[in-house]
Amino acid sequence: MTTSSTSARPVSAMQLRAFDAPLEPTRIVPSAAGPGAIVADVTHAGVCGTDMHLQAGRMQIPLPVILGHEAVGVVRELGSGVTTDATGQRLEVGDAISWMSNIPCGQCFYCTEENQPSLCESRRVYGINQSSADWPHLSGGWSEQIYLQPGSTVIKLPEGATPDAVIALGCAGPTATHAMQSMAEPREGDVVVVQGSGPVGLASAMLAQLAGAAKVILVGGPANRLEIARSLGIGDVHVDIFESSAEERLARVLAETPGGRGADFVIEATGAPSAVAEGIDLARKGGTYLVVGQYTDHGTTMLNPHYITKKQLRVLGSWAFSAADHVQYVRSVPALAERFDLSALVTHYPLARANDALDDMRSGRTLKPVLVVGDAA
Ligand SMILES: [Zn+2]
Ligand SMILES: [Zn+2]
């Protein structure tokens with residue numbers, strides 16, 4: 001309830017000041033937590049494919065900005081009126097917490113009438129569209145502290161959910177949760193194909209396995225990624241797209257499904273437009289095709305819509321995630337972490353080496369760079 005415990009000591013953060021340029025370290029004087037807000041000490045912050053796009057100037061965002069839309073930390077200060085997390089659990093200074101990257105407006109058509117806040121067009125997103133030039137300045141996770149504004153979805157980490165496990169999948173975890181639990185769910189016993197072995201693909205494969213899929217066929221690459229997936233038990237069958245043709249992949253999937261019918265449930269998590277026509281081929285008649293990976297606009301592709309009709313295919317898109325998905329995802333981390341060694345996906349970097357982390361992600365040297373901040377470093 002105090003508003004004076006935050007020291008005025010400036011905190012370190014990594015700031016994007018110009019597109020196509022390295023991030024620069026900066027120091028910012030933090031504000032005390034106002035009513036409804038929380039000041040948190042960041043302990044772990046994920047580096048995501050989106051951050052590479054932001055740095056390259058592929059999205060319209062205000063500069064300067066402290067990047068970091070995926071992070072976990074510890075409550076440093078609770079503003080007046082903040083007593084519980086999003087699930088009603090009591091919240092205290094020192095609690096390890098996760099927060100959702102965005103705050104929907106709560107007023108638009110999608111927030112109110114449609115009840116689809118992931119489609120809100122005026123979401124405030126930490127680490128993306130909140131400039132560090134504007135109060136409260138500390139609005140990104142690549143920083144020693146973050147100011148969690150009123151309306152943020154904050155959840156205390158459940159037992160069995162270490163910060164590394166929560167951040168290992170980053171925003172891919174709640175993204176896959178929204179797709180596979182809010183939009184369409186595989187049924188127990190389904191044969192599931194996941195196209196793509198990046199974080200969204202791996203998260204989708206794991207969630208399908210937890211949901212009781214009879215078999216998960218992971219179609220992706222390069223080989224080292226599939227090897228990591230195989231060694232962690234993510235997916236049952238692994239098909240390397242760099243070592244196979246589309247015809248070979250189709251033959252392989254048909255051979256792996258009962259009666260050679262094709263997959264009951266196909267998830268696209270590649271971001272490549274051409275994968276969509278192939279996904280339609282891999283699904284059985286009456287199956288479900290969930291398109292999750294087309295996050296940036298890479299243009300058009302050739303596909304034959306006859307097969308959507310002929311197969312009576314259920315084709316669904318899924319965009320981002322809501323507060324409920326974020327909470328649901330964090331709650332599922334202990335079960336995920338028990339079955340899969342999530343921390344094996346992560347490579348740690350100190351905050352000051354954020355540029356190296358971005359470079360290593362760009363070159364594919366690491367699957368999931370995570371900046372470890374402050375005392376956790
Ligand atoms: Zn809205
Ligand atoms: Zn992300």
Side-chain angles (χ1 to χ4, degrees), residues 14 16 23 42 44-56 58-59 61 65-73 98-130 139-143 146 149-153 163-179 182 196-204 206 269-271 292-296 318-326 329-330 333 342 345-347 349 354 357-358 360-362 364 366-371 373:
M14 292 300 284
L16 180 67
L23 306 188
V42 177
H44 298 70
V47 178
C48 170
T50 301
D51 296 308
M52 297 189 303
H53 296 306
L54 294 172
Q55 187 185 28
R58 288 190 206 112
M59 289 163 80
I61 55 166
V65 66
I66 297 169
L67 294 181
H69 58 277
E70 315 170 339
V72 294
S98 159
W99 51 89
M100 184 167 71
S101 56
N102 67 80
I103 308 174
C105 79
Q107 287 169 10
C108 71
F109 172 74
Y110 296 105
C111 281
T112 55
E113 289 179 52
E114 283 281 281
N115 195 25
Q116 288 289 342
S118 83
L119 298 177
C120 172
E121 278 156 10
S122 43
R123 298 185 299 166
R124 281 175 283 157
V125 190
Y126 292 120
I128 297 186
N129 68 9
Q130 304 286 287
S139 301
W142 296 7
S143 169
I146 188 166
Q149 300 160 35
S152 298
T153 299
D164 253 348
V166 173
I167 211 71
L169 295 169
C171 64
T175 298
T177 300
H178 178 66
S182 297
S197 53
V200 176
L202 295 182
S204 300
M206 287 187 260
T270 68
V292 191
Q294 308 289 322
Y295 246 79
T296 41
S318 179
W319 179 256
F321 48 87
S322 68
D325 301 312
H326 182 92
Y329 170 67
V330 173
V333 168
L342 297 175
L345 302 171
V346 164
T347 307
Y349 297 77
L358 277 167
D360 288 352
M361 165 160 256
R362 227 182 323 263
T366 58
L367 187 69
K368 187 65 185 180
V370 169
L371 305 176
V373 188

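Note that ligands are numbered from 1 as they come in the structure, with each ligand's atoms numbered from 1 the same way. These values consider heavy atoms only, across backbone and side chains, with no hydrogens, waters or symmetry-generated copies.
With the Zn ion (ligand 1) as the vertex, SG (Cys120) and SG (Cys105) define an angle of 100°, rounded to 10°.
A distance-only check finds no donor-acceptor pair linking the side chain of Trp99 to the backbone of Gly73 [under 3.5 Å]. Formation of a donor-acceptor pair under 3.5 Å by the Lys368 side chain with backbone atoms of Val47 is found in this model. Side-chain atoms of Glu70 come within 3.5 Å of backbone N or O of Cys171 as a donor-acceptor pair.
Side-chain contact of Thr366 with Asp360: a donor-acceptor pair under 3.5 Å is absent, judged by distance alone. Looking only at atom types and distance, the side chain of Thr177 has no donor-acceptor partner in the side chain of His326 under 3.5 Å away.
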Pairs under 3.5 angstrom only: tabulate donor-acceptor contacts from the side chains of residues 109-129 to other protein residues two or more places apart or in another chain.
residue : atom : partner : partner atom : Å
Thr112  : OG1  : Cys108  : O            : 2.7
Ser118  : OG   : Trp319  : O            : 2.8
Arg124  : NH1  : Gln149  : OE1          : 2.6
Tyr126  : OH   : Gln149  : N            : 2.7
Tyr126  : OH   : Ser152  : OG           : 2.6
Asn129  : OD1  : Val125  : N            : 2.7
Asn129  : ND2  : Arg123  : O            : 2.8

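Around the Zn ion (ligand 2), the protein atoms of type N, O or S that sit closer than 2.8 Å are Cys48 SG, His69 NE2, Glu70 OE2, Cys171 SG.
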